[in-house]
Amino acid sequence: TTTPAAPATTTTTTAAPALYDRSMGNLTSGVSSSAALVSGQRDGYTFTAEAGSEITISLKSVGDTYGAGTTTDPYVVRNKLDMHLQVYDWQDTLVDENFDSDGTNAYLSIYVCSAPGTNSYTVVAQDENALSTWGDYTMTFDLASKTSAGVIDCLNRG
């Protein structure tokens with residue numbers, strides 16, 4: 001008698017969805033970055049920082065205005081996005097996020113506290129509510145060096 005062969009084993013691996021749709025490069029402290037964004041699309045930026053460093057990110061949708069500003073021809077803002085800002089650590093774990101800090105803009109000022117040493121992070125800019133089909137945004141990024149206050153904050157978080 002012959003023993004039937006064991007059935008073939010199939011392994012399916014599902015990759016985690018990408019954090020962003022297009023890479024916009026590295027963020028530099030003190031430098032603003034601007035881009036046009038299609039609603040539903042996510043732009044990704046990277047930066048490196050030492051645990052205990054403070055980052056501040058401002059994400060503003062600028063839109064554009066037309067009209068004379070009179071009662072017969074009032075100002076109208078169009079192509080304005082409702083910004084959503086997310087920061088992920090080197091393991092693609094969400095560190096913090098913000099939306100609607102002042103209406104349609106986003107803002108974060110946090111200590112980054114992942115693994116000890118210098119790590120890479122990902123910042124994602126996206127439109128939250130599809131107020132428009134596209135729009136322009138400006139991201140301002142500042143990185144302050146590791147401080148004792150930052151280290152204490154990270155230790156308190158565990």
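The same ILVMFWY cluster, assembled from side-chain heavy atoms under 4.5 Å apart, contains both Ile110 and Met139. When the side chains of ILVMFWY residues are joined at heavy-atom separations under 4.5 Å, either directly or via intervening members, Phe47 and Leu59 end up in a single hydrophobic cluster. Val112 and Val151 are assigned to two separate hydrophobic clusters, defined by single-linkage of ILVMFWY side chains at heavy-atom distances under 4.5 Å. Put simply, Leu85 and Val124 are part of two different groups of oily side chains (I, L, V, M, F, W, Y) that touch within less than 4.5 Å, one to the next. Note: the hydrophobic cluster containing Leu19 also contains Leu94 (ILVMFWY, side chain heavy atoms under 4.5 Å, direct or indirect links).
In this structure, Thr104 contributes its side chain and Asp82 its backbone to no donor-acceptor pair below 3.5 Å. Remark: side-chain polar atoms of Arg22 are not paired, donor with acceptor, to backbone N or O of Gln41 under 3.5 angstrom. Not a single donor-acceptor pair under 3.5 Å links the side chain of Asp127 to the backbone N or O of Met83. Checking side-chain atoms of Ser39 against main-chain N and O of Thr133 turns up no donor-acceptor pair under 3.5 Å. A donor-acceptor pair under 3.5 Å links the side-chain atoms of Lys80 to the main chain of Ser61, judged by distance alone.
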* Begin with the C-alpha distance, continue with both residues' side-chain angles, and end with the deciding distance and a verdict on side-chain hydrogen bond (donor to acceptor under 3.5 Å, both in side chains) for Thr138 and Ser32. => CA-CA 7 Å; Thr138 299; Ser32 294; over 6 Å; no
* To do: Under the side-chain hydrogen bond (donor to acceptor under 3.5 Å, both in side chains) rule, what do Thr122 and Thr46 come out as? Steps first, then yes or no, please.
  => CA-CA 5 Å; Thr122 302; Thr46 58; over 6 Å; no
* Asked: Given Ser58 and Asn105, is the side-chain contact (heavy atoms from CB on, under 4.5 Å) satisfied, shown in steps?
  -> CA-CA 8 Å; Ser58 174; Asn105 299 317; over 6 Å; no
* Show your reasoning for whether side-chain contact (heavy atoms from CB on, under 4.5 Å) applies to Ile57 and Val87. => CA-CA 10 Å; Ile57 304 171; Val87 177; 4.0 Å; yes
* Asked: Run the side-chain contact (heavy atoms from CB on, under 4.5 Å) check on Asp136 and Ser34 step by step: do they pass?
  -> CA-CA 7 Å; Asp136 295 323; Ser34 297; over 6 Å; no
* To do: Apply side-chain contact (heavy atoms from CB on, under 4.5 Å) to the pair Phe141 and Thr56, showing each step before the final yes or no.
  => CA-CA 6 Å; Phe141 173 77; Thr56 303; over 6 Å; no
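Ring pair Tyr137/Tyr45 is perpendicular by interplanar angle, where above 60° counts as perpendicular and below 30° as parallel.
When the options Asp89, Leu108, Val123 are evaluated for a side-chain contact (heavy atoms from CB on, under 4.5 Å) with Val95, the one that passes is Asp89.
Sequence neighbours left out, the pairs with a member in residues 88-112 that pass ring pair (Phe, Tyr, Trp, His ring centres under 6.0 Å) are His84-Phe99.
A donor and an acceptor atom, one from each side chain of Glu54 and Ser109, are located under 3.5 Å apart.
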